[in-house]
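One structure is given below, encoded as structure tokens.
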Amino acid sequence: MSHAVLEHGLPRPASAEEIASARCPAPSMQEIVAGDTVPPPPVLAHEEPAYLGSEPVKVDRYFDQSIFEAEIEKIWKKSWQWVCREDHIPEPGDNYTYEVAHLSYLVVRQEDGSVKGFVNSCLHRATKFKRSEGIGMGDQIRCPYHGWSWNNDGSLKAVPCSWDFGHICPSKMALPEVRVGHWGGFIFINPSPEGPSLEDFLSPLPEHFAHWDIANRYVSVHVAKELPCNWKTAQEAFLESYHVMETHPQLMKGVGDANVQYDIHSDHITRFYAASGVNSPHLANPLSEQELLATMILGDQNSRDDSLTVKEGETARNVMARHLRKVMGEAYQCDLSHLSDSEVIDTIEYHIFPNMVLFPGLSLPMAYRFRPIGSDPNRTLFEILFLRPNPSEGRIPEPPEPYRVAEKESYSSAPGFDAAMGYVYDQDTDNLRAQQEGFRASATGVQQLGNYQEVRIRHFQQVIDKYLNA
Ligand code: FES
């Protein structure tokens, strides 16, 4: 497509068809992977683009208290959401407390290995059984205030001074349950008894992840940081690559940013698919294939091998994928020969409504979660987990306690983060306070979104509106 370009860099007014189909003129993601030695699986070798309109999006949705309260009632009380990994509660009696906004839930492993979920609030005078999020264990659920207790299956066990509660029918005092679902080694809850099953809610994610054994992973890193912004502000920073050239200029040598592929798979599932080992289309002086390889090697702690060279007929992507298959296969004690070049080196990022981001690739094996904290629309808890393949032999490591990073502290101080990776997350989250404050300062009360590069943000907001209007 060619547009005449005005002085400010914007094209002349285009037709509706041109607006809907406009793309960066650099090679597309599908054109890039077509040149790989080992081609991607069918699930990556296709696109599901969507044009969802160009209307401005109001900014009060990021700070308005009444909208925030509506989100709690219509999204957080009605959506499937990830609570913990199966490994957090492996044995009967193990429990995990999960908090989102001012809501609090408890999942408990049962004697038969199943999991039940309860509201974390006593039926006597509402005290929380567990005062804060995290792992626990025990043969009962006991309130710390007056000592009422429940069996782990939620049935009432004992009421101290029961002579004073003759009006209570024990069979009607079971703890209120929430729905529990399992997928990919994650335990999910849905506080609502109505709505789709977890399988339907996640579709087509399980089909896509048939290639990636996400259940067979362990948590090697768990970092949490409180961010001074709305829960949507925070995760939208990770839904587009448009910000790379301004926020992460160091990444332009080796990452295709303007030519990232954005897919809309369903209401709850979208995808971002970005090439590594290529020049950013914005780069004024593109690197050679050997130089691109050097940037990838320097970016990988496990791959500082200066002897790697790009031979005639090869690309930096081919060489790096071959090298990482070997290095990571040895590190994880598994055969990675079945993985395509793209699965080894590229960024494949799925967003799962309302607050989960999952990367199936092995070089960046992360999961993100974004949750509102308490009753304040301007506070978010952002977590980063690294999910590495379970060792083929020996004990599977237990999940670590989340490491809390203070707002002004660099992620690079967290265990498992090197300086370069920590710096990228610092750059990402440094924008958020300014954006949250800018929403309130806005003169127009709206934001403009790119039709393609920011389509996942528009889609996310449109799905939120569906929930709020339901
Ligand atoms: Fe729980 Fe009284 S509030 S036992």
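Ligands are counted one by one from 1 in listed order, and the atoms in each one are counted from 1 as well. Not measured: the values here are computed from a predicted model.
- Residues S342 and Y273 have side chains that bring a donor and an acceptor to within less than 3.5 angstrom of each other.
- No side-chain donor from either of E73 and Y467 sits under 3.5 Å from a side-chain acceptor of the other.
- Counted by atom type alone, N355 and Q235 present zero donor-acceptor pairs between their side chains at under 3.5 Å.
- With a 6.0 Å radius and a threshold of 12 heavy atoms from other residues, nucleotides or ligands, E398 has its CD atom at or below the threshold.
- Using cut-offs of 30° and 60° for the angle between ring planes, the H268 and F201 rings count as parallel.
- Using a 4.0 Å cut-off to heavy atoms of R125, the atoms of ligand 1 that qualify are 3 (S).
- Salt bridge D153/K116: absent, no basic N to carboxylate O contact under 4.0 Å.
- Look at H146 and atom 2 (Fe) of ligand 1: an N/O/S atom of the residue is under 2.8 Å from the metal.
- At least one N/O/S atom of C122, from backbone or side chain, sits under 2.8 Å from atom 1 (Fe) of ligand 1.
- Per-residue contacts place C143 under 4.0 angstrom from the following atoms of ligand 1 (heavy atoms of the residue considered): 1 (Fe), 3 (S), 4 (S).
- Of all atoms in ligand 1, numbered sequentially from 1 with element shown, those under 4.0 Å from a heavy atom of W148 are 4 (S).
- H124 contributes ND1 as its N, O or S atom closest to atom 2 (Fe) of ligand 1.
- Contact atoms of ligand 1 toward G147: 4 (S) (distance under 4.0 Å to a heavy atom of the residue).
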